[in-house]
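Please read the structure below before turning to the comments.
It should be emphasised that the depicted structure is a prediction, and the values quoted were computed from it without experimental measurement. Chain identifiers are assigned alphabetically (A, B, ...) following the order of the sequence lines, protein sequences preceding nucleic acid strands; residue numbering begins at 1 within each chain. Worth knowing before you read on, the calculation uses all heavy atoms, side chains too, and leaves out hydrogens, waters and symmetry mates.
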2 protein chains.
Amino acid sequence: MTDATGRTLYLQIVNDLRSQIASGKLKVGDEIPSTAKLKAQYGYSVTVVRKAVEVLRNEGLVMGQPGKAVYVQATPKDLEAERVSIVDLTRQVADLRREVHDLAQRLEDGHQIKELMAEVAELRGTVEQLYNRLGHPYPNDNADSAKPRRKTGT
Amino acid sequence: MTDATGRTLYLQIVNDLRSQIASGKLKVGDEIPSTAKLKAQYGYSVTVVRKAVEVLRNEGLVMGQPGKAVYVQATPKDLEAERVSIVDLTRQVADLRREVHDLAQRLEDGHQIKELMAEVAELRGTVEQLYNRLGHPYPNDNADSAKPRRKTGT
DNA sequence: GCCCATTTGTTCGTATGTATA
DNA sequence: TTATACATACGAACAAATGGG
């Protein structure tokens, strides 16, 4: 029932194949050895080999196509990523909510933009009036820094 | 291989038992019929019965205790609810991630504040120069809107 | 404590159906 | 047609755990 490692025979094959998939020795899209090859390789019965492959199939790691072979469908890492527990997701939601709150708070302080834009408009009007009172239009000395018609909309 | 319904034999038993669990005929904690009883009940081979129970075990609906029986562990509704909640939480996480991204983007555009402040400083300098060329200092008419000595630091 | 029946789980072997090449 | 391979089905046996005598 169990080998030297104390594990069941089919679980030994399962762990072997799973390790090979995880290590990249068997990549997604590759085909795992056929039942006959695994049987010859391990020296176990067909039942054990089939059972092992069936476990991998139930885990979603492989998927068999009758008449062709059993193909690697995903890596254990992929499944691990999918099997995010509810608590982890809940924690993520809480963290993200906090982050959204903080960002929204900082954005709300963005009324500075409105006030600054209003101030810019006022100052431009003042400058224009002053130039009119001086009798000549805008000179060139401050055209490089205070660029005309800057985009003010978001 | 298949019965009159076109389904495999073991899947027929799986569906039957799953329906019984879903309908409440088999409640959580109850034990399902033993392999021998199911074998006599359906007239199928032991292999088919074992396969059916194994599927239910892989689905997490039942859990067997060697020497005793196979006990109902959860209902299909439970698993569905768990799956749905995970999907829902995943969606929330995705939505919140988008929101965080958008807010962060808008905040990153906060360089507008810096540019606006620079422009304000430039314009103030221009206004001051113009007033000097006019020969008299700041009047009162624009002191209400363009407030003097506004804090420019964050 | 010991034996025995029951039950699950694992292992063995074989046969058949179906799909692909 | 032939061959290979997966999936299903059949039958049998053994180990381990449980419970009853």
Side-chain angles (χ1 to χ4, degrees), chain A residues 1-18 20-21 25-74, chain B residues 1-18 20-21 25-74:
Chain A
M1 189 177 188
T2 59
D3 64 343
T5 68
R7 301 174 300 191
T8 60
L9 298 183
Y10 77 92
L11 280 185
Q12 181 183 353
I13 302 182
V14 167
N15 290 327
D16 282 357
L17 291 179
R18 192 160 37 205
Q20 291 184 19
I21 297 176
K25 186 175 179 180
L26 286 175
K27 303 179 190 304
V28 174
D30 289 353
E31 54 186 48
I32 70 175
S34 67
T35 304
K37 287 194 177 65
L38 287 175
K39 179 182 179 300
Q41 176 180 344
Y42 284 90
Y44 300 154
S45 68
V46 253
T47 309
V48 170
V49 173
R50 278 198 301 253
K51 175 77 171 178
V53 177
E54 185 192 10
V55 169
L56 294 176
R57 193 173 32 150
N58 287 329
E59 291 180 355
L61 288 177
V62 302
M63 176 181 171
Q65 284 191 27
K68 298 188 67 176
V70 178
Y71 297 95
V72 177
Q73 203 71 14
Chain B
M1 193 172 188
T2 60
D3 64 342
T5 67
R7 299 174 301 189
T8 60
L9 298 183
Y10 77 92
L11 280 185
Q12 181 183 353
I13 303 181
V14 167
N15 290 327
D16 283 357
L17 291 178
R18 193 160 35 203
Q20 291 184 20
I21 297 176
K25 186 175 178 180
L26 284 175
K27 303 179 190 304
V28 174
D30 289 353
E31 55 184 50
I32 70 175
S34 67
T35 304
K37 287 196 176 63
L38 287 175
K39 178 180 180 301
Q41 175 180 342
Y42 284 90
Y44 298 156
S45 68
V46 208
T47 309
V48 171
V49 174
R50 293 217 171 279
K51 175 79 171 177
V53 177
E54 186 191 11
V55 169
L56 294 175
R57 192 169 29 136
N58 287 329
E59 290 180 355
L61 289 177
V62 301
M63 176 181 169
Q65 267 184 267
K68 298 190 67 176
V70 177
Y71 297 95
V72 177
Q73 202 72 14

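- Taking OG from A/Ser34 and CD from A/Gln41, the interatomic distance works out to 10.0 Å, rounded to the nearest 0.5 Å.
- Residue A/Thr8 places no side-chain N or O under 4.0 Å from the OP1 or OP2 atom of C/dT10.
- Atom-to-atom distance recorded for A/Tyr71:OH and A/Ile32:CD1 is 11.0 Å, nearest 0.5 angstrom.
- Between A/Lys39 atom NZ and D/dT4 atom P the separation is 15 Å, expressed in whole Å.
- Remark on DNA chain C: of its neighbouring residues A/Gly67 and A/Leu11, the 5'-side contact belongs to A/Leu11, judged by nearest-heavy-atom nucleotide.
- Taking atom NZ on A/Lys68 and atom P on C/dA19, their separation rounds to 14 Å, with Å as the unit.
- Proximity of A/Thr35 to the phosphate of D/dA5: no side-chain N or O atom is located under 4.0 Å from OP1 or OP2.
- Rounded to an integer number of Å, the gap from CG of A/Leu9 to C1' of D/dA15 is 12 Å.
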- Task: Report the C-alpha separation of A/Leu38 and A/Leu17 in whole Å, then their side-chain angles, then the decisive distance to 0.1 Å, and conclude whether the side chain to side chain contact (heavy atoms under 4.5 Å, CB included) test is met.
- Result: CA-CA 10 Å; A/Leu38 287 175; A/Leu17 291 179; 4.3 Å; yes
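- For the contact set between residues 46-66 of chain B and DNA chain D, defined by any heavy atom under 4.0 Å, the members are B/Thr47, B/Val48, B/Pro66.
- Distance from the side chain of B/Tyr10 is smallest for D/dA9 among the nucleotides C/dT8, D/dA9, C/dT7.
- In summary, the side chains of B/Tyr42 and B/Gln12 do not present any donor paired with an acceptor at a separation below 3.5 Å, with no hydrogens or angles considered.
- Remark: A/Ile21 CD1 to A/Lys27 NZ distance equals 12.0 Å, nearest 0.5 Å.
- Within the structure, every side-chain polar atom (N or O) of A/Tyr44 is placed at least 4.0 Å from both OP1 and OP2 of C/dT11.
- Nucleic acid contact for B/Lys37: sugar-phosphate only, since backbone atoms but no base atoms lie under 4.0 Å from a heavy atom of the residue.
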Tabulate below the donor-acceptor pairs under 3.5 Å that side-chain atoms of residues 46-59 of chain B make, not counting sequence neighbours, or state none.
residue, atom, partner, partner atom, Å
B/Arg50, NH1, B/Thr35, OG1, 3.4
B/Lys51, NZ, A/Glu54, OE2, 2.4
B/Glu54, OE2, A/Lys51, NZ, 2.3
B/Asn58, ND2, B/Glu54, O, 3.3
B/Glu59, OE1, B/Arg18, NH1, 2.8
B/Glu59, OE2, B/Arg18, NH1, 2.6

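- At whole-Å resolution of the value, CD in B/Glu31 and P in D/dA17 are 20 Å apart.
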